[in-house]
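Heavy atoms only: backbone and side chains are in, while hydrogens, waters and symmetry mates are out.
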Amino acid sequence: MKKMLVIHASPRGERSHSRRLAESFLEAWQAANPDAQVTRREVGRAFIPHVTEAFVAANFHPEPQALPKVMKADLQLSDELVGELIEHDLLVIAMPLYNFGVPSGLKAWIDQIVRMGLTFDITQDSHGNAQYHALLKGKKALIITCRGGSGFGPGGEFEWMNHADPHLRTVLGYIGIDDVSVIAAEGEESDKSVFQRACAEAERQLHDVAGRF
Ligand SMILES: Cc1cc2nc3c(=O)[nH]c(=O)nc-3n(C[C@H](O)[C@H](O)[C@H](O)COP(=O)(O)O)c2cc1C
């Protein structure tokens with residue numbers, strides 16, 4: 001059975017275009033996969049804690065098997081989020097572009113799921129240099145994103161200023177999710193008709209992908 005995890009990263013509810021496009025994609029995808037399981041994780045309208053000193057100490061503890069109970073508690077939410085990610089083979093991330101990067105709730109989620117010994121590992125080569133290993137396998141991801149301006153996509157005038165979906169690609173690749181697609185609707189701050197056309201085109205692409213995702 002296919003299992004899809006949907007991360008909603010916009011703080012906006014009904015006004016959010018990335019949320020609406022992702023839900024439209026989901027509807028089409030579920031029609032094509034009626035037996036599939038979908039889990040939604042809210043990181044835009046729900047609080048995901050930032051990394052704390054206690055979290056770092058627990059995450060990078062030299063003896064993770066012998067972690068004191070009190071330190072285990074510092075990883076509780078992270079354990080839950082990592083378990084949720086591991087359990088699903090398909091990942092959809094719906095997010096706005098915020099100040100040229102990912103919204104802070106999504107960044108907080110990233111910091112919780114990049115977990116030593118669970119989603120990546122570090123060893124040392126014979127010279128003592130760190131070697132990084134991705135631990136996730138067989139997953140693929142779809143990023144659905146909306147932007148106020150235009151030209152942030154591949155080949156666009158402002159591509160170099162976009163640190164949102166490129167950052168996500170890097171992070172997902174680091175933990176082993178290399179199959180990543182991006183569908184964007186740009187121009188929310190342009191004339192209404194411009195953005196309506198962009199959303200319609202994004203929706204067309206999403207429905208196309210829904211048949212084979
Ligand atoms: C705090 C904030 C920062 C933003 N930063 C950018 C930006 O750097 N570039 C851009 O093109 N649009 C930016 N926007 C516009 C959003 O990307 C746009 O409104 C998008 O549609 C929001 O996604 P949503 O509709 O899913 O909430 C920003 C909006 C907000 C509220």
Side-chain angles (χ1 to χ4, degrees), residues 1-11 13 18-19 22 26 36-96 98 101-144 163-180:
M1 184 183 51
K2 286 184 182 178
K3 288 181 163 189
M4 179 182 282
L5 175 63
V6 182
I7 309 290
H8 277 303
S10 175
S18 60
R19 191 179 291 275
L26 258 181
Q37 182 191 310
V38 174
T39 305
R40 288 174 179 77
R41 168 63 64 172
E42 186 61 59
V43 304
R45 290 164 74 79
F47 177 69
I48 304 290
H50 290 170
V51 164
T52 59
E53 181 167 358
F55 174 91
V56 177
N59 189 7
F60 294 94
H61 195 278
E63 287 181 78
Q65 308 311 330
L67 208 58
K69 211 171 168 187
V70 60
M71 291 182 95
K72 277 189 183 146
D74 295 317
L75 296 175
Q76 201 177 328
L77 174 66
S78 173
D79 285 342
E80 187 189 326
L81 296 175
V82 169
E84 190 172 72
L85 179 62
I86 289 173
E87 207 181 292
H88 295 79
D89 46 342
L90 302 170
L91 175 67
V92 171
I93 300 178
M95 61 156 189
Y98 268 10
V102 300
S104 58
L106 183 58
K107 178 60 167 63
W109 178 81
I110 289 169
D111 291 339
Q112 298 285 340
I113 57 100
V114 178
R115 269 286 298 282
M116 177 90 162
L118 295 179
T119 56
F120 81 100
D121 233 334
I122 306 176
T123 56
Q124 288 180 359
D125 66 13
S126 55
H127 304 287
N129 296 315
Q131 304 278 301
Y132 301 94
H133 311 277
L135 296 182
L136 299 186
K137 285 190 172 60
K139 297 187 191 297
K140 59 180 179 176
L142 171 65
I143 298 168
I144 302 171
H163 303 282
D165 40 286
H167 171 61
L168 263 181
R169 262 188 203 282
T170 301
V171 169
L172 294 175
Y174 181 65
I175 60 174
I177 308 176
D178 296 309
D179 185 343
V180 180

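Looking at residues two or more places apart in sequence or on another chain, you find a side-chain contact (heavy atoms from CB on, under 4.5 Å) between Ala141 and Leu91, Leu172, Ile177, Val180. In terms of the side-chain contact (heavy atoms from CB on, under 4.5 Å) criterion, residue partners of Ile122 (sequence neighbours excluded) are, by chain and number, Met116, Phe120, Ala130, Tyr132. Partners of His133 by side-chain hydrogen bond (donor to acceptor under 3.5 Å, both in side chains), not counting sequence neighbours, listed by chain and number: Thr123. With sequence neighbours excluded, the residues satisfying side-chain hydrogen bond (donor to acceptor under 3.5 Å, both in side chains) with Asp125 are Gln131. With sequence neighbours excluded, no residue forms a side-chain hydrogen bond (donor to acceptor under 3.5 Å, both in side chains) with Lys3. In this structure, Gln65 has no side-chain hydrogen bond (donor to acceptor under 3.5 Å, both in side chains) partners at least two apart in sequence or on a different chain. Listed by chain and number, the residues in a salt bridge (Lys or Arg N to Asp or Glu O under 4.0 Å) with Asp111 are Lys107 (sequence neighbours excluded). Looking at residues two or more places apart in sequence or on another chain, you find a side-chain contact (heavy atoms from CB on, under 4.5 Å) between Ala66 and Glu63. With sequence neighbours left out, the salt bridge (Lys or Arg N to Asp or Glu O under 4.0 Å) criterion links Arg40 to Glu23. A search for side-chain contact (heavy atoms from CB on, under 4.5 Å) contacts involving Asp79 returns Leu75, Arg115, Leu118, not counting sequence neighbours.
Counting heavy atoms from C-beta on, the side chains of Thr52 and Asp74 never come closer than 4.5 Å. For the pair Asp165 and Ile93, the minimum side-chain heavy-atom distance is 4.5 Å or more. Inter-residue side-chain proximity for Ile175 and Ile113 is flagged as met; some heavy-atom pair is nearer than 4.5 Å. Between Ser78 and Asn59, every side-chain heavy-atom pair lies at or beyond the 4.5 Å cut-off. In this structure the side chain of Trp109 never reaches within 4.5 angstrom of the side chain of Val102, judged on heavy atoms. Proximity of Leu90 to Lys140: side-chain heavy atoms (C-beta onward) are separated by under 4.5 Å at one or more points.
Here the straight-line distance linking atom CD1 of Ile144 with atom CZ of Arg19 works out to 12.0 Å at 0.5 Å rounding. The line from CG of Leu5 to CG of Leu81 is 9.0 Å long, rounded to the nearest 0.5 Å. How far CD of Gln112 is from NE2 of His50: 10.0 Å, rounded to the nearest 0.5 Å.
Nearest approach of Ser18 to Ala94, heavy atoms of both residues: O-CB, 3.7 Å. Between His167 and His163, the closest heavy-atom pair is CB-O, 3.0 Å. Listed here is the closest heavy atom pair of Ala134 and Gly173: CB-O, 4.2 Å. When all heavy atoms are compared, the tightest approach of Leu106 to Met95 is CD2-SD, 3.7 Å. Residue Arg45 comes nearest to Ser10 through the heavy atom pair CG-O, 3.8 Å, listed as atom of the first residue, atom of the second, then distance. Listed here is the closest heavy atom pair of Pro49 and Ala108: O-CB, 3.8 Å.
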Working for side-chain contact (heavy atoms from CB on, under 4.5 Å), residues Gln37 and Met1: CA-CA 7 Å; Gln37 182 191 310; Met1 184 183 51; 3.7 Å; yes
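Among residues at least two apart or in separate chains, side chain to side chain donor-acceptor pair (under 3.5 Å) pairs with a member in residues 80-95 are Thr39-His88, Arg41-Glu80, Arg41-Glu84.
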